[in-house]
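Encoded as structure tokens, the structure appears first; notes follow it.
All figures in this text were calculated on a predicted structure; none of them were measured in a lab.
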Amino acid sequence: MRNKIFLILEVVFLFLLCTGCSGFDISKMLFIASVGIEKTEDKLSGYFYLPLSSDIGKTENTEDKGQGEFAKTSGNTIPELFQNLQNSSSLVMNFRHVSSIVLNEELLQKEFLEELMDFIKFSLEIDFNCYIFVTKEKLDELYNFKNPNQESVLNSMLVSTSDVSSLFLVAPPIHFLEFVQRYFNQRTILLPLLDLEEIWTIESEPSKNFHAQSAVYYFQNQIKEVIKNEGSPYFSKTTKFIDYIDNTPLSFSHYKMKLEFKDILYIKVEFACDIFKTENRPTYQQIEAFVYNRINNYIKEFKEVDPLDLKFNNQAYQTNCNYDAIDIQIKIRNN
């Protein structure tokens with residue numbers, strides 16, 4: 001009897017499952033993979049990346065697979081951008097799989113950011129499970145892919161962000177939920193800065209690897225650019241990178257940084273280092289001094305935007321740390 005009951009339940013479940021499938025016609029849906037927004041005169045312009053189904057989840061493409069496309073709309077508000085896109089097609093737009101949102105730098109203002117957060121929070125259009133980027137470029141140029149290989153690069157960055165974190169040297173993509181949390185906690189936000197020159201020159205790079213070496217700090221409507229800054233890898237989540245002492249290449253691996261808030265702030269850095277040179281090799285003391293200067297100079301350059309979140313952390317840890325009194329401790333492990 002018990003087995004019959006289980007059998008009946010299984011049949012009912014399969015029936016319901018099949019019924020649900022029949023009501024969902026994927027051929028009538030258009031999936032959006034990435035959304036870009038910029039301001040044009042007194043209106044907003046929206047760009048919606050429509051990848052080919054063969055491109056989704058892949059990092060390589062060839063000419064015979066064609067190219068993805070983007071659609072463009074305009075409106076006075078963010079909801080209007082999405083509604084106008086829906087009105088332009090007989091297909092049902094699906095925004096539940098958007099992987100990234102790209103904002104023009106001038107939109108990093110309180111009014112717009114809070115409108116964006118409210119839209120994602122209260123709208124059923126777009127899922128919050130996406131990543132935020134910023135750019136200075138015109139979005140029609142950014143989303144207008146010129147050949148399949150270049151499309152592949154952008155597809156890797158904007159659609160497969162969780163699988164290609166090594167592509168982002170200065171700042172890994174920030175998840176929307178972390179973006180919101182840091183914004184409302186008045187903390188510093190580090191955003192990848194998409195640069196056309198960096199993207200389209202990939203063909204000339206022997207390794208064929210793209211690294212987003214640009215970013216912006218955003219803090220209380222202040223914006224500070226981090227463009228190919230020499231010290232930035234030391235403050236990113238990248239655990240492996242290469243630097244140079246007097247043209248001697250050094251490979252940093254298992255790089256870790258830990259902050260401790262006591263009477264002053266302690267920055268404890270630990271890493272392994274490989275030296276690719278047999279003559280005039282720098283000593284460990286020279287490497288320690290080199291890393292110390294990299295970190296110290298970076299702090300001095302960006303302290304106006306509070307890169308270490310001292311304002312927030314002083315409240316959280318009941319301390320009164322400042323950028324003029326920081327103890328930087330360097331430890332090099334043997335490989």
Beyond-backbone contact of T135 with L142, side-chain heavy atoms, under 4.5 angstrom: yes
4.5 Å side-chain heavy-atom contact, D243 and P233: no
Salt-bridge present (E41, K43; N to O < 4.0 Å): no
Where at least one partner belongs to residues 93-107, residue pairs that pass salt bridge (charged side-chain N to carboxylate O under 4.0 Å, His left out), sequence neighbours excluded: none
Greater than 12 external heavy atoms within 6.0 Å of N87's CG: yes
Any pair counted as salt bridge (charged side-chain N to carboxylate O under 4.0 Å, His left out), so long as it reaches residues 129-139, sequence neighbours left out: K136-E225
Parallel, tilted or perpendicular, as decided by the 30° and 60° cut-offs, for the rings of F271 and F252: perpendicular
Side chains of S45 and S74, donor plus acceptor under 3.5 Å: no
Pairs involving residues 292-313, ordered by first then second residue, that meet ring-ring contact (aromatic ring centres under 6.0 Å, His included) (sequence neighbours left out): Y217-F302, F235-Y298, Y298-F302
Other residues, nucleotides, ligands: >12 heavy atoms within 6.0 Å of Y317 OH: no
Shared hydrophobic cluster for L190 and I299 (ILVMFWY, side-chain gaps under 4.5 Å): yes
Ion pair D274/K240, N-O distance below 4.0 Å: no
Inter- and intrachain pairs under salt bridge (charged side-chain N to carboxylate O under 4.0 Å, His left out), touching residues 173-182, at least two apart: R182-D309
Salt bridge (charged side-chain N to carboxylate O under 4.0 Å, His left out) assessment of D324 paired with K300: CA-CA 9 Å; D324 297 323; K300 288 180 178 178; over 6 Å; no
Same apolar cluster (I L V M F W Y, side chains within < 4.5 Å links), Y266/I330: no
All ring-ring contact (aromatic ring centres under 6.0 Å, His included) counterparts of F82, not counting sequence neighbours: F48, F95, F119
Geometric class of the Y143/Y47 ring pair [parallel <30°, tilted 30-60°, perpendicular >60°]: parallel
Criterion salt bridge (charged side-chain N to carboxylate O under 4.0 Å, His left out) on E270 and K268, from CA distance to verdict: CA-CA 7 Å; E270 185 177 347; K268 297 186 177 181; over 6 Å; no
Residues that E301 engages under side chain to side chain donor-acceptor pair (under 3.5 Å), provided they are two or more places apart: N229
Non-hydrogen side-chain atoms of Y49 and I32 separated by less than 4.5 Å: no
Side-chain donor-acceptor pair present, S214, D195, cut-off under 3.5 Å: no
